[in-house]
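What follows is a set of notes on a single structure, which appears directly below.
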Amino acid sequence: MDALPNASDFFFFPYSHLTTTTTLDTMLEARLQQAKLLKSLLEAIKELVTECNFDCNDSGIALQAMDNSHVALVALLLRSDGFDPYRCDRNLPLGLNLTNLNKILKCAGNDDILTLKADDGGDTLSLVFESKDNDKICEYDLKLMDIDSEHLGIPDTSYDAIVHMSSAEFQRICRDLSQISESVKIDATKDGIKFSGEGEVGNGSITLKQNANVDNEDEATRIELQQSVSLTFSLKYLANFTKATPLSTRVTLSMSNDVPLLVEYKLDNLGYVRYYLAPKIGEEN
Amino acid sequence: MASQWVAIRPKEPEHAGASVSIQAPHPRTGDPSRYVLQQDGVLLEVQKVEAEHKQSWLIGNSVQKNGVLYMMTPMDPLFVLLPVLAETRKKSAESDGRFVQYDSIFSDADDDQRYQSLHRLADIPGLPAQLGHLCDQQEYMKGEFVYRLNEDKTLKWLRLKVEAVADNVEKMPILLQFINEQLFDIDAPQTDTSIRSDAYTWAGIQVVSEYITDAWQEKLNQSYSLTNLKSQVEEHKKKQEIQFQNYVTHDPTEFAKAKREASDLSDQGSKKPKLSAGQKTLAKANIKGMKSLASFFAKK
């Protein structure tokens with residue numbers, strides 16, 4: 001009789017083996033027509049955040065992380081319908097070192113088709129780059145890490161001033177004012193938006209007037225104003241946010257007095273990159 | 001009744017006569033402090049032991065309102081005289097200072113309010129001879145000496161005091177406890193004898209240092225080289241830290257994490273300073289006046 005249980009154990013073994021292989025099946029598969037998008041996204045956030053979780057679920061891939069000083073936050077969303085195909089069976093956090101991910105993404109051509117794959121319980125993220133002509137395939141596996149994520153709940157706020165403007169213009173303004181000042185004061189009124197900086201060498205300001213110029217939609221500055229606002233921000237951080245400029249021709253600055261500024265770059269039909277930055281309070285410059 | 005207080009003091013010899021209470025500068029701090037001089041010339045140091053809370057003594061059937069306890073312990077008057085001698089010597093860069101007559105050691109100090117009643121010390125029998133431990137002396141008249149502080153002699157005398165304490169550390173549990181707290185477990189069997197005697201010497205220095213100025217403390221410390229003891233103490237501290245860390249990381253997941261971090265550190269030792277230009281710029285940003293985002297947005 002003793003031999004019988006052993007024999008049944010033996011017979012059960014192949015089944016349990018099969019079950020393991022099914023659960024190890026790919027959990028996430030996301031295919032992006034142009035690798036360029038993810039490459040640019042990484043460029044836009046990798047200096048603010050070095051390690052974070054990419055939270056994947058059936059609606060898409062999201063990321064939220066604060067910088068080291070906890071004064072800035074980046075929130076990223078890539079909706080599932082921007083991928084073709086997209087499949088993610090359940091919530092899957094992928095802890096990644098962004099510096100390392102960026103290294104691998106640098107191996108992808110801008111026009112390559114990029115596929116992300118991850119297994120449930122696996123410890124790597126697979127990246128496959130296929131050339132447009134389908135004559136070259138690169139496969140990389142990046143090790144995942146356990147990251148304690150600290151998520152903040154960001155409420156939908158109705159801001160007092162929302163400024164839509166050219167992203168290139170915003171980048172230019174941040175760069176120019178950085179030359180003379182550490183921080184920029186942003187005043188939004190019904191007439192326009194004024195960026196001013198003051199430093200040891202002197203001071204300067206740039207005013208953009210609200211223009212409904214429809215000739216060039218990309219260049220127009222539009223202001224939705226409930227109430228005038230005046231806020232001061234660190235230029236080093238704003239200049240860093242403008243690394244997202246290649247992602248969108250437009251940028252939206254949403255402001256209310258004494259609350260964090262929201263700088264949003266919309267990705268065509270795919271999602272957004274949002275940066276939040278705490279205002280400088282109690283400083284006159 | 002008002003002047004009655006509770007004190008612990010050595011037993012007075014019979015027919016000792018009345019003790020007098022005198023005020024003299026504390027040998028370390030120079031603050032006025034209280035001493036008791038017995039008629040037989042023994043100087044007692046007075047320490048006031050006062051509790052934080054209000055307290056009284058119950059004596060027989062009466063209550064003593066003042067709950068302070070005074071401790072009086074014999075003390076070498078040379079400690080009190082050391083700063084006085086340094087002052088009367090008037091040492092300068094050009095000269096080694098002046099010799100003074102025995103009486104003027106005490107009377108010169110009379111000008112100073114703090115030194116009032118110091119002259120009573122002059123009557124201590126045998127004190128002039130004792131001064132030879134600290135001073136150069138010259139006979140200017142038959143039987144009459146003048147004195148001048150000699151630093152080498154003083155240091156030698158201080159070292160004798162240290163040795164006197166060190167020799168008796170084993171009889172004083174409180175000093176052993178002090179060593180255990182400040183240095184390491186002296187009772188551990190692996191402590192070798194040279195380290196042990198170094199530790200006793202160290203305790204002696206600490207005790208004597210309570211009665212000498214900072215300058216003398218430094219000189220005294222420099223005259224000993226307790227390097228073996230120092231390295232032993234450091235080793236012990238390190239060991240303790242490791243033990244503490246092991247204790248803290250007793251939880252296996254914590255241990256694994258610590259291990260991973262340690263290997264991360266060793267593998268990527270050069271990684272930390274490798275910030276990109278952009279990261280460096282951000283690290284340099286002036287975030288004065290900026291609140292953490294966690295103060296604006298609630299944690300999920």
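Below, chains carry the letters A, B, ... as their sequence lines are ordered, and counting in each starts from 1.
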Okay, A/Asn240 and chain B: the region with an atom under 4.5 Å from a heavy atom over there is side chain
In terms of side-chain heavy atoms, does A/Tyr237 have a donor or acceptor partner in A/Asp67 at a distance below 3.5 Å? yes
Bottom line for A/Leu48: the part with an atom under 4.5 Å from chain B's heavy atoms is both
Across all chains, not counting sequence neighbours, the ring pair (Phe, Tyr, Trp, His ring centres under 6.0 Å) partners of B/Tyr35 are none
Note to self: Any salt bridge linking B/Glu45 with B/Arg34? Criterion: basic side-chain nitrogen under 4.0 Å from a carboxylate oxygen.
What the structure shows: no
Note: vs chain B, highest number of non-hydrogen pairs under 4.5 angstrom among A/Lys243, A/Met66, A/Lys46, A/His151 is A/His151
Interface check, chain B: of A/Gly153, A/Ser69, A/Ser234, most non-hydrogen pairs under 4.5 Å belong to A/Gly153
Establish, for the pair A/Arg175 and A/Phe170, whether the NZ or CZ atom is under 6.0 angstrom from the six-membered ring centre and no further than 45 degrees off its axis.
-> no
Practice item. Using distance alone, with no hydrogens and no angle criterion, decide if A/Ser166 and A/Arg250 have a side-chain donor and acceptor under 3.5 Å apart. Key: no
Answer key: most heavy-atom pairs under 4.5 Å with chain B among A/Leu73, A/Thr50, A/Val259, A/Leu152 is A/Leu152
